[in-house]
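Have a look at the structure below before the remarks.
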Number of protein chains: 2
Amino acid sequence: MDKLTATSMFESLASGVRLDIVRLLVGHGREGLVAGEIARKLELPRSNLSFHLKTLTRAGLVTVTQEGRYQRYRADLAAMQDLVAYLTAHCCAAEEGECELSGVETSC
Amino acid sequence: MDKLTATSMFESLASGVRLDIVRLLVGHGREGLVAGEIARKLELPRSNLSFHLKTLTRAGLVTVTQEGRYQRYRADLAAMQDLVAYLTAHCCAAEEGECELSGVETSC
DNA sequence: ACAATGATTCAATAATCGTTGAACCATTGA
DNA sequence: TCAATGGTTCAACGATTATTGAATCATTGT
């Protein structure tokens with residue numbers, strides 16, 4: 001993970017609307033949701049949702065696959081893991097064996 | 001963790017400069033760094049660093065304590081854990097027992 | 001081919017964010 | 001008390017981002 005990727009991912013999560021979208025998708029696992037379902041659940045205008053989904057897709061936090069005239073979106077959990085690992089890399093460089101992050105995959 | 005807190009944390013991490021600051025602080029654990037050391041290592045103008053440190057502090061990602069005329073900053077790892085937990089909450093609502101997030105503390 | 005449905009793109013506006021140097025405040029030490 | 005050092009605040013500019021409806025593209029079903 002390079003810095004540009006990380007910042008664009010964090011930037012994607014820095015919007016309340018996009019955070020809602022990601023969390024909604026996380027809750028729907030491998031099945032994901034098609035755009036129309038997301039728009040209905042979050043009560044968003046189509047064009048606005050499309051804008052945010054594009055942002056999330058470009059950042060690599062969600063994936064999209066075409067199903068006929070529908071676009072199915074899924075959260076990319078592996079990408080989120082990588083992001084957390086990037087953020088907390090070297091978290092125990094100072095004090096070996098005493099990582100304060102429990103349960104999170106780090107470089108420790 | 002509420003949505004406003006989460007978005008302001010992600011917004012704080014959405015800047016390359018602030019991401020550098022946080023990762024630098026993570027690497028210095030409980031000891032942390034005083035502002036001047038951060039400015040020297042990242043080669044940042046004082047006023048700019050102060051602006052970014054204020055943003056990070058308000059978001060709750062770093063803490064600050066005064067030491068004489070120095071200001072010592074530390075990464076708040078517990079806050080980062082909470083943030084990750086918020087992001088990935090309900091990650092297995094769809095498929096029980098089959099969480100795709102390994103090693104990350106979630107609601108599973 | 002054509003109407004209907006799902007979704008994206010576009011242009012324009014309003015609002016927010018990042019950077020900078022100068023000025024200012026706080027603490028230390030002579 | 002006064003100079004020196006560490007840090008923050010301020011104002012101003014430029015750049016980026018979010019939102020909206022209308023227009024456009026793609027796919028389905030008759």
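The shown structure was predicted, so the numbers you read here are calculated from the model rather than taken from an experiment. Hydrogens, waters and symmetry mates play no part in the numbers below; they use all other heavy atoms, side chains included. Just so we're on the same page: letters track the sequence lines, and every chain starts at 1.
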**Message:** Using salt bridge (charged side-chain N to carboxylate O under 4.0 Å, His left out), reason through B:Lys41 and B:Asp20 one step at a time and then give a plain yes or no.
**Reply:** CA-CA 10 Å; B:Lys41 293 194 186 235; B:Asp20 286 341; over 6 Å; no

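In this structure, CG of A:Asn48 is placed 7 Å from C1' of D:dA18, rounded to the nearest angstrom. Following rounding to the nearest Å, A:Leu44 (CG) and C:dG6 (C1') show an atom-to-atom distance of 16 Å. Rounded to an integer number of Å, the gap from A:Leu33 CG to C:dA7 P is 11 Å. One interatomic measurement links the two molecules: CD of B:Gln66 to C1' of C:dT28, which rounds to 12 Å at whole-angstrom precision. D:dT17 atom P lies 14 Å from atom CG of A:Leu56, rounded to whole Å.
Overall bending of the helix from C:dA1-D:dT30 to C:dA30-D:dT1, expressed as the angle between end axes built from five pairs apiece, is 30° (10° steps).
Taking side-chain N and O atoms only, A:Lys54 has no distance below 4.0 Å to OP1 or OP2 of C:dA7. Taking side-chain N and O atoms only, A:His52 has no distance below 4.0 Å to OP1 or OP2 of D:dT17.
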Sub-3.5 Å pairs of nitrogen or oxygen atoms, protein against nucleotides 4-8 of chain D:
unit_1, atom_1, unit_2, atom_2, d
D:dT5, O2, B:Arg69, NH1, 3.3
D:dG7, OP1, B:Ala35, N, 3.3
D:dG7, OP1, B:Gly36, N, 3.4
D:dG7, OP2, B:Gly36, N, 2.7
D:dT8, OP1, B:Tyr73, OH, 2.6
D:dT8, OP2, B:Ser50, OG, 3.0
D:dT8, O5', B:Ser50, OG, 3.1

Shorter than 3.5 Å, N or O on both sides, protein versus nucleotides 11-17 of chain C: list them out with atom names.
unit_1, atom_1, unit_2, atom_2, d
C:dC17, OP1, B:Glu11, OE2, 2.6

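B:Arg72 contributes a side-chain N or O that, together with a main-chain N or O of B:Glu31, makes up a donor-acceptor pair within less than 3.5 Å.
At a threshold of 4.5 Å between side-chain heavy atoms, the hydrophobic network of Ile, Leu, Val, Met, Phe, Trp and Tyr places B:Leu24 and B:Val34 in two separate groups. Note: the hydrophobic cluster containing B:Tyr70 does not contain B:Leu33 (ILVMFWY, side chain heavy atoms under 4.5 Å, direct or indirect links).
In this structure, A:Ala14 and A:Gly68 both approach DNA chain D, and ranking their closest nucleotides by distance from the 5' end singles out A:Ala14.
The cationic group of B:Arg23 lies under 6.0 Å from the six-membered ring centre of A:Tyr86 and within 45° of the ring axis, placing it in a cation-pi geometry.
No side-chain heavy atom of A:Arg46 sits less than 4.5 Å from a side-chain heavy atom of A:Leu49. At a threshold of 4.5 Å between non-hydrogen side-chain atoms, the residues B:Leu44 and B:Val17 count as touching. Residues A:Ile21 and A:His52 have side chains in contact (heavy-atom distance under 4.5 Å, counting atoms from C-beta outward).
Here the closest heavy-atom approach between residue A:Leu25 and residue A:Tyr73 is recorded as CD2-O, 3.4 Å.
For the atom pair OG of B:Ser8 and CG of B:Leu61, the computed distance is 7.5 Å after rounding to the nearest 0.5 Å. Between A:Ser12 atom OG and B:Phe10 atom CZ the span is 10.5 Å, to the nearest 0.5 Å.
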